[in-house]
Amino acid sequence: MSEALALVPKAEAKQSMKDFKSDQEVRWCPGCGDYAVLAAVQSFMPELELARENVVFVSGIGCSSRFPYYMNTYGMHSIHGRAPAIATGLAASRRDLSVWVVTGDGDALSIGGNHLIHALRRNVNLKILLFNNRIYGLTKGQYSPTSEVGKITKSTPMGSLDAPFNPVSLALGAEATFVARTIDSDRKHLQGVLRAAAAHPGTALVEIYQNCNIFNDGAFDALKERDTAQDALIHLEHGQPIRFGAPAPDGLGSKGVVRNAATGDLEVLDLAAEGADASRVLVHDAHAASPTTAFALSRLADADTLHRTPIGVLRDVIRPVYDTDMAEQLDQAVVQQGQGDLAKLLAGNDTWTVAG
Amino acid sequence: MTSQVSSPTTPEDPSSVAGVLGEQRKPAKETRRLDRVIIRFAGDSGDGMQLTGDRFTSETASFGNDLSTLPNFPAEIRAPAGTLPGVSSFQLHFADHDILTPGDAPNVLVAMNPAALKANLGDLPRGAEIIVNTDEFTKRAMQKVGYSANPLEDGSLEAYAVHPVPLTTLTLEALKDSGLARKDAERAKNMFALGLLSWMYHRPTDGTETFLRKKFAKKPEIAEANVAAYRAGWNFGETTEDFAVSYEVQPATSAFPAGTYRNISGNLALAYGLITAGQQTGLPLFLGSYPITPASDILHELSRHKNFGVRTFQAEDEIAAIGAALGAAFGGSLAVTTTSGPGVALKSETIGLAVSLELPLLVVDIQRGGPSTGLPTKTEQADLLQAMYGRNGEAPVPIVAPATPAECFTAALEAARIATVYRTPVFLLSDGYLANGSEPWRIPELDELPDLPVHFATVPNHTADDGSEAFWPYLRDPETLARPWAVPGTPGLEHRIGGIEKQDGTGNISYDPANHDFMVRTRQAKIDGIEVPDVVVDDPEGQARTLVLGWGSTYGPITAAVRRIRREGGHVAQAHLRHLNPFPKNLGEVLRGYDRVLVPEMNLGQLAHLLRAKYLVDARSYTQVTGLPFKAEQLAQAIVKESADV
């Protein structure tokens with residue numbers, strides 16, 4: 001088991017998906033993408049072999065934030081946007097816990113944007129699952145900070161005006177050490193990303209594209225439908241060339257991501273074109289020290305149509321973990337100052353005595 | 001224990017000024033005995049007045065006087081030099097008997113420049129002594145603060161005993177062989193002033209010399225320069241004819257119960273109280289905080305004591321600070337957030353969540369002048385209603401308030417007791433005056449400290465009809481109405497809690513109307529039922545018809561005012577609240593026992609408002625919102641006036 005979970009006690013017996021289901025009735029709308037994510041997480045958790053009582057799910061407010069109620073672990077459904085802050089205090093003070101944050105695009109990127117970026121830069125041992133449906137669901141359909149420009153909603157009858165965040169770009173800019181993206185309907189991919197996130201020491205951000213079939217149905221269809229998906233999705237795998245599109249004779253995609261030598265930016269090369277040099281295609285390096293290429297990859301996607309959306313682990317690097325270092329400072333303090341002595345502390349250095 | 005008389009210093013160099021100082025430790029001039037003195041050091045923000053005041057306070061504390069201090073400084077780190085807004089001052093009241101306030105009017109003003117003189121002159125009674133640094137009274141400096149003529153020469157200070165001293169010149173002269181640049185040497189002039197005052201009042205000197213050598217350990221030449229300036233100031237008092245008399249203020253031995261004492265400020269006492277609460281509860285202390293005046297000192301102090309297992313987390317904002325603390329509370333820490341009024345405003349939603357989650361959490365509000373940014377470095381007690389009501393929904397939170405700087409220690413322990421026993425957030429309302437002011441504190445023996453045992457839930461607490469065991473997170477203790485605290489890591493007690501209304505017992509989400517009504521009333525009943533000590537009334541003759549009731553830092557001025565009235569034969573009763581929610585059970589009866597209830601507050605009558613609403617008594621307000629504490633004399637007059645028609 002990775003360093004990330006080294007201090008978390010192991011389950012005594014083999015667990016199944018059932019062990020992670022709480023007795024609460026799930027109350028999302030029928031057809032909501034959240035069901036798929038919940039099932040994927042519940043069936044993935046036994047794989048970690050962690051003592052269930054040492055797993056905590058913390059959420060904010062929004063549809064996805066009801067998630068903790070459905071997990072038979074410890075959990076807190078907190079207030080809008082604040083889950084990363086609350087989870088930071090919990091993880092920093094209890095290194096024997098596996099702490100997960102469940103949040104949405106409004107919760108994490110709008111009202112809670114500050115806490116998200118600071119959790120990422122701090123690198124606390126947290127796994128953040130960001131359900132991005134590009135809409136406000138629980139408040140019945142206003143545009144969100146990931147909605148495309150011009151989005152017609154109840155609050156924007158003439159179209160929304162503000163440019164959206166790309167959560168992966170944002171996380172990379174916020175010094176995140178682990179950033180990944182996946183899709184609600186692809187359980188195998190989703191669980192693969194969860195596996196990598198769980199193994200990562202520090203904060204992991206997993207963006208999950210999640211369909212809201214009531215207020216923003218089909219937002220990710222381009223990534224899900226067979227005829228469009230192969231051109232729209234760029235599957236990233238560490239150590240593999242970044243290729244997508246209809247298969248070329250070698251079995252890999254007929255398009256490749258290459259670096260423009262003049263600008264340094266990334267672009268897509270049609271490998272079927274005459275004279276195209278397949279050796280120019282970048283090999284994905286999730287562990288690259290610099291986030292530059294990961295960032296450039298995140299910018300390939302068209303914000304409107306989501307064409308050329310990279311999914312998978314964009315970045316997975318090792319940096320000191322906040323809670324580990326915090327615990328080390330406590331140990332160091334004992335070495336330097338000795339175990340705290342209350343009587344000595346209260347007395348200080350300048351005292352005088354009044355005789356009775 | 002510190003000796004009360006300094007030993008001769010630097011015997012290796014008897015010819016130096018130090019040698020002279022050592023031999024003549026007892027001033028040779030006429031000595032007069034005083035029972036109390038009020039000194040105010042005033043200068044530019046960069047003149048080191050706070051340090052000077054602190055040092056004089058330490059000397060005074062180690063001498064065994066009772067004392068009370070009032071630091072007063074601008075919010076700007078370096079306000080424009082030589083201006084009135086840039087004046088920083090430190091007032092110290094010390095006595096051979098028990099005193100309660102930093103004093104109304106200084107007997108001695110040390111004015112380091114014209115601005116300091118002008119800004120403070122109005123507070124001086126006739127006959128007060130003024131020590132001025134004449135070197136700073138240049139035409140330009142005087143013009144800057146609106147003096148058209150030199151006040152030292154135009155007769156405008158006739159009512160005072162003025163000691164013109166060229167402090168800068170004398171300091172430079174004393175340090176001419178130090179090798180320091182003029183600018184560096186000049187900066188030691190506050191130590192010259194301290195030395196002079198230390199001579200005037202027979203303060204022990206070794207503590208300051210040790211302090212200076214430690215403070216400037218990495219720059220020994222600066223340390224020695226400061227020590228030399230300090231000694232030169234002492235010797236100047238001893239030799240110059242302008243200072244004919246020095247004063248003795250005997251130790252206040254009879255004012256204090258037996259014990260070991262130290263000087264302590266409110267914020268330091270509060271930090272120590274929190275560490276002690278962690279030890280007494282057996283819980284790791286977790287502080288989530290965002291820097292804010294005047295609360296930051298607590299964050300600084302706690303961050304120095306990681307060897308007690310204290311975790312301090314400087315968050316990205318006030319909301320994250322309390323959020324992290326609440327997360328730590330869920331995990332079983334003794335969780336604290338420290339802030340001031342603007343921070344409380346930002347934390348309100350999370351305090352409401354803590355009310356709903358019913359987790360222990362200490363919210364420490366060091367009140368300052370408001371609204372909005374207000375007066376960051378000045379004191380006020382106008383956050384009472386914010387603490388009481390400043391949340392959405394019915395969200396009662398207990399409130400404790402220390403009365404003196406030293407009492408901040410016990411207030412922290414009391415807040416921790418209420419939080420852990422009743423599983424609730426608790427407000428601790430201190431203020432800028434308590435935070436920065438200091439007084440002697442009898443250091444408690446460890447066995448005098450209260451035990452604050454905490455028991456986490458470890459086993460299921462509910463048996464279903466089918467015999468299966470379950471954990472119900474909202475099944476309450478019938479006496480305290482507290483719910484069980486089951487921390488993650490406890491097998492079998494996995495549960496989910498949140499801000500949505502919960503079903504009584506199970507804690508599951510519930511929108512049931514009757515359940516919500518029940519839960520709202522139960523949360524209120526839990527807070528209303530908190531056991532707090534009765535309020536004690538001080539009415540020695542039993543003849544008073546007026547009760548003066550205060551809370552928080554007004555304790556000192558109110559008590560001093562009441563003593564004045566009694567000395568002159570008046571009768572007035574006094575009581576002071578340390579618990580503002582819930583109020584002590586006997587409070588209604590106490591209030592109804594007097595014809596007049598007067599409530600002095602540094603706000604526009606917030607406690608009076610609560611008393612009138614709850615007890616239907618005609619509580620009258622006497623208020624002041626100057627950013628400064630009440631003066632005892634002014635308060636005494638107000639009490640007499642308000643009682644006249646009773």
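Note on naming: letters A, B, ... go to the chains in the order of the sequence lines (proteins, then strands), and numbering restarts at 1 for each one.
- For B/E448, the CD atom counts as densely surrounded, since its 6.0 Å shell holds more than 12 non-hydrogen atoms of other residues, nucleotides or ligands.
- Proximity to chain A involves both the backbone and the side chain of B/I497, based on heavy atoms less than 4.5 angstrom apart.
- For A/A343, the parts lying near chain B are the backbone and the side chain together; criterion is any non-hydrogen pair under 4.5 Å.
- Residue A/F57: no heavy atom, backbone or side chain, is found under 4.5 Å from chain B.
- The candidate from A/V58, A/V8, A/D341 with the greatest count of non-hydrogen atom pairs under 4.5 Å with chain B is A/D341.
- For the options A/G89, A/P9, A/S22, heavy-atom pairs under 4.5 Å to chain B are most numerous at A/G89.
- Residue contact with chain B, scored on non-hydrogen atoms closer than 4.5 Å, involves the backbone and the side chain of A/S78 alike.
- Proximity to chain B is limited to the side chain of A/L97, based on heavy atoms less than 4.5 angstrom apart.
- Looking at A/R122, only its side chain comes within 4.5 Å of chain B, counting heavy atoms on both sides.
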>> Apply side-chain hydrogen bond (donor to acceptor under 3.5 Å, both in side chains) to residues B/H97 and B/D66 and explain how you reach the verdict.
In response: CA-CA 6 Å; B/H97 58 278; B/D66 195 7; over 6 Å; no

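- The choice from A/S65, A/P68, A/A327 that makes the most heavy-atom pairs within less than 4.5 Å of chain B is A/P68.
- Neither the backbone nor the side chain of A/A51 comes within contact range of chain B; no heavy atoms are under 4.5 Å apart.
- Chain B forms the most heavy-atom pairs under 4.5 Å with one residue out of A/H80, A/M326, A/H115, A/Q339, and that residue is A/H115.
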>> Applying ring-ring contact (aromatic ring centres under 6.0 Å, His included) to B/H462 and B/F471, what does each step give before you reach the verdict?
In response: CA-CA 6 Å; B/H462 175 77; B/F471 176 66; over 10 Å; no

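- Listed options B/T276, B/I275, B/L326 were ranked by heavy-atom pairs under 4.5 angstrom with chain A; first place goes to B/T276.
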